[in-house]
There are 2 protein chains.
Amino acid sequence: MTQVKNKTVKLKHVAEAAGVSLSTASRALSGKAVAYRISAHTEQLVLSAAAKLDFYPSQVARSFRTQKTKLLGVVLPDVSNLFFSSIAREVTTYAEENGYSVLLADSRESTEVEQKLIAQLRAREIEGLVISPVGLQKEHLEKLHATNLPVILVDRGFPSSPLITVTSDHRKAASQAMKILIAMGHRKIGVLQGIPGTLPNEERLIGIREELKRAGLPFDTSLIKGNQFSESSGYRSAKQLLNEHFDITALFALSNQIGLGALRVMTELRMKIPNEISIITFDDHPYSEFLAPAMTTVRQDVKTLGRMAAELIFKQIKTGRKPRKKVHQIPVKIVERASVFNLLTSEKE
Amino acid sequence: MTQVKNKTVKLKHVAEAAGVSLSTASRALSGKAVAYRISAHTEQLVLSAAAKLDFYPSQVARSFRTQKTKLLGVVLPDVSNLFFSSIAREVTTYAEENGYSVLLADSRESTEVEQKLIAQLRAREIEGLVISPVGLQKEHLEKLHATNLPVILVDRGFPSSPLITVTSDHRKAASQAMKILIAMGHRKIGVLQGIPGTLPNEERLIGIREELKRAGLPFDTSLIKGNQFSESSGYRSAKQLLNEHFDITALFALSNQIGLGALRVMTELRMKIPNEISIITFDDHPYSEFLAPAMTTVRQDVKTLGRMAAELIFKQIKTGRKPRKKVHQIPVKIVERASVFNLLTSEKE
DNA sequence: ACCCTTTGCACAATCGATTGTGCAAAGGGT
DNA sequence: ACCCTTTGCACAATCGATTGTGCAAAGGGT
């Protein structure tokens, strides 16, 4: 359907121009000429008429008739965060390659708007949903899942849920980061957490606890602060932690935004990293290596996260079957740079 | 239309359950009870039947009938770049508030895929398009514009085109940045440009030239390198520039990604910023102030860019009239930090 | 009691494509 | 020459909502 100055060319016009019926025009245009024994000659008539009229079929009429929208929903808590926008990019690119379009929505870390957005997307009859949910409630998602709408969760999942999830190996990631800190002699490590109760946060805490235990160190919950994966939460909790525990030597920030908040505190307090305080932060970033000092980070394989989510959703859309494997864990990589001080080899301040 | 285990509840079922006709059910549900004199009692019957059946109307059927999709297309050259993802966020949020959904597409800086994506979006009958085009070709966009589809360009526009554009005041921005460099005593300034021929790039070059002229300095085109707004282009051109001009004291990077490439060159060459080389880069970033050293940047008001694009597109969709003003220029702000060396007050190396 | 207006809803067309089916004409075999 | 198969297309139903219009019943005025 091409709109030229309020006049829309429809299949009817193509059929008339080619001197054939609607059905013949439709079949010729959708490459079904052979299957329906349209002669090569009529096929050409239709194709050239369509080309001349600059016709393209209305997707909404087609969707309506075929009951397939070729629409994929993508819901993210913050599209402007590199972590999520990278996932969005992978998924949209993959979708486009498969002839699907992506409806993108931003839940702003609110379960309430998340639910509204999902309702909107369902009304639009998306064929699948890729979502990084806020992660505190799962009922609305499990209901969706039970409905047979293909749903893939990215990053934030739920323990022992039937929902299919693609996420990093948070536990191992956190434990490895802690291992580095401990190996460098750090004993009192503040944790700047994200949203308590969300899977990434809890898994990371488990990893942290495991590593502390392995080193024979106590798991002191007063060293864990924060309630959002945001810069402001990181800022507040870093400040509070440094206030309450004068002898903290290292901070572990559980997201890039939280890390940013911690950095702000350090500049305000004129605390030198790593000499006065060591930092490791979750999520690598192009800028990480150019920070003062270069930041040691936990790099999630965001490309693979996005790509696997895309692959899983399309497999499900095509086969109509849910994958057996519930949780797909992607390995992470610690990128060691210069933000961790070695308390053992260096002289202490 | 609610799907529960392959069974879809349609308006028909609601009407039957309420014991009314399709038309009455439709009108009761869309709040037209009063206008069509549906009694409060029947209205209630319909509403509770719909609630009980968990009915919601099929947007595709509705779109098909009303010829309104309530769909907005957004096309960006790189969704994962903070500059663009921030625009995406503003536009999607605004769209959602207005009952519209956003179809997001990523052109990967290719005019060819941009055209394909636009064709896809048109086939889906979007009611408006917000696009940051690649910026080298405009014919396909002007054709769209002539078609009466509301189109708003963001960031990259075209000189003397009927297309409505929201963009920063690139000329003034670049000129102010140059003014700072010149005031600090820099005379030989390398420019790491983006895609030549695109409006932001050309406007920035004009601003640069104007400021040089004002200062009585020559505009040396051999000091301008680069062909993409990407990190790799920034890397290559910074390297080349430093090779060919041993006496360059400052670099002006025309995008955040380009700046990243320049930073990489400096670490490889172990050149100290700002002592050995000064840098100003376009586009501010949360990390900019924590870089080594804190980066002086040109901060585009990306929220306003996105918001104004959203406002303009919806005004156009609602009124059906194109705004008279073609180019909406948003002021920028220079954020002075520590990446520019003052050659005049400090001793020279 | 009669007529006119208002109330309260139902009928049926419609949006633009896709697709199962049917039928005439052409072709082919004996 | 007759019959059967194949070729090549057209007819008409259909997807699920919205909306202009019409009509019976109720109400109201004199």
Side-chain angles (χ1 to χ4, degrees), chain A residues 1-3 6-47 49-50 53 55-71 122-125 127, chain B residues 1-3 6-47 49-50 53 55-71 122-125 127:
Chain A
M1 234 182 58
T2 316
Q3 184 139 337
N6 297 330
K7 269 188 247 158
T8 289
V9 10
K10 296 179 272 182
L11 186 60
K12 189 172 67 166
H13 305 121
V14 176
E16 281 168 3
V20 300
S21 73
L22 272 174
S23 50
T24 301
S26 169
R27 295 198 249 247
L29 286 170
S30 42
K32 291 176 187 159
V34 178
Y36 282 90
R37 295 184 310 238
I38 313 283
S39 67
H41 176 243
T42 12
E43 187 185 10
Q44 264 316 309
L45 283 181
V46 173
L47 292 180
L53 296 174
F55 166 82
Y56 54 96
S58 155
Q59 260 297 336
V60 1
R62 180 181 276 172
S63 295
F64 178 55
R65 166 63 224 237
T66 62
Q67 300 294 87
K68 296 260 169 273
T69 55
K70 296 216 157 206
L71 238 33
R122 287 190 65 195
R124 293 199 178 270
E125 281 155 69
E127 293 182 34
Chain B
M1 233 183 55
T2 315
Q3 184 138 339
N6 298 331
K7 269 188 243 157
T8 289
V9 8
K10 296 178 271 182
L11 185 60
K12 188 172 69 166
H13 304 121
V14 176
E16 281 167 3
V20 299
S21 73
L22 272 174
S23 50
T24 301
S26 169
R27 297 198 245 247
L29 287 170
S30 42
K32 292 177 187 159
V34 179
Y36 283 90
R37 297 183 309 238
I38 313 286
S39 68
H41 176 244
T42 14
E43 186 185 10
Q44 264 315 309
L45 283 180
V46 174
L47 292 180
L53 295 174
F55 166 81
Y56 53 96
S58 155
Q59 261 296 336
V60 1
R62 179 180 277 173
S63 295
F64 177 54
R65 169 60 225 238
T66 62
Q67 301 293 86
K68 296 259 168 274
T69 56
K70 295 214 157 209
L71 238 33
R122 288 190 66 193
R124 292 199 177 271
E125 281 156 69
E127 294 181 33

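Reminder, nothing fancy here: chain letters follow the sequence lines and each chain counts from 1. Every heavy atom of this structure was used, including side-chain atoms; hydrogens, water molecules and symmetry mates were not.
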Looking at D:dA17, does its base get a donor-acceptor pair with the side chain of B:Ser58 below 3.5 Å?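 Result: no qualifying N/O pair found.
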G-U wobble or Watson-Crick pairing nucleotide for D:dT18 (cut-off 3.5 Å, both distances):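 Paired with D:dT18, as far as the under-3.5 Å criterion goes, is C:dA13.
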Complementary nucleotide of D:dG27, counting Watson-Crick and G-U pairs under 3.5 Å: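 Partner of D:dG27: C:dC4.
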Please check this pair: side chain of B:Ser30 against backbone of B:Ser26, looking for a donor-acceptor N/O pair closer than 3.5 Å.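 Side chain of B:Ser30 to backbone of B:Ser26, a donor-acceptor pair under 3.5 Å: yes, one is there.
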Between B:Ser21 and B:Thr66, which is nearer to the 5' end of DNA chain C once each is assigned its nearest nucleotide?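 It is B:Ser21, whose closest nucleotide lies nearer the 5' terminus.
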First encountered from the 5' end of DNA chain C, between B:His41 and B:Ala61: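 Looking at DNA chain C, the more 5' nearest nucleotide goes with B:His41.
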Quick one: are [X] and [Y] in side-chain contact, heavy atoms under 4.5 Å?
X        : Y       : answer
B:His41  : B:Gln44 : no
B:Ile38  : B:Val46 : no
A:Glu127 : A:Thr69 : yes

Name the pairs: protein N/O against N/O of nucleotides 3-5 of chain D, kept only if under 3.5 Å.
none

Across the strands shown, which category fits [X] at heavy-atom distances under 4.0 angstrom: base, sugar-phosphate, nothing?
X       : value
A:Leu11 : base
B:Val60 : nothing
B:Ser63 : nothing

Atom-to-atom span, [atom1] of [X] to [atom2] of [N] - whole angstrom:
X       : N      : atom1 : atom2 : value
B:Lys32 : C:dC9  : NZ    : P     : 17 Å
A:Leu45 : D:dG8  : CG    : P     : 14 Å
B:Lys68 : D:dT19 : NZ    : P     : 11 Å
A:Arg62 : C:dT19 : CZ    : C1'   : 13 Å
A:Leu22 : C:dC15 : CG    : C1'   : 14 Å
B:Arg65 : C:dT14 : CZ    : C1'   : 5 Å

In terms of side-chain heavy atoms of [X], which of [options] is nearest?
X       : options                : value
B:Thr24 : D:dA12, C:dC9, D:dT18  : C:dC9
B:Gln67 : C:dC15, D:dA17, D:dT19 : C:dC15
B:Phe64 : D:dC15, D:dC9, C:dC15  : C:dC15

Using atom names, set out every protein N or O paired with an N or O of nucleotides 21-29 of chain D below 3.5 Å, distance rounded to 0.1 Å.
none

Using side-chain contact (heavy atoms from CB on, under 4.5 Å), reason through B:Arg62 and B:Ser58 one step at a time and then give a plain yes or no. CA-CA 6 Å; B:Arg62 179 180 277 173; B:Ser58 155; over 6 Å; no
Tell me whether the side-chain N/O atoms of [X] come closer than 4.0 Å to OP1 or OP2 in [N].
X       : N      : result
A:Lys10 : C:dA17 : no
A:Ser39 : D:dC9  : yes
A:Thr42 : D:dC9  : yes

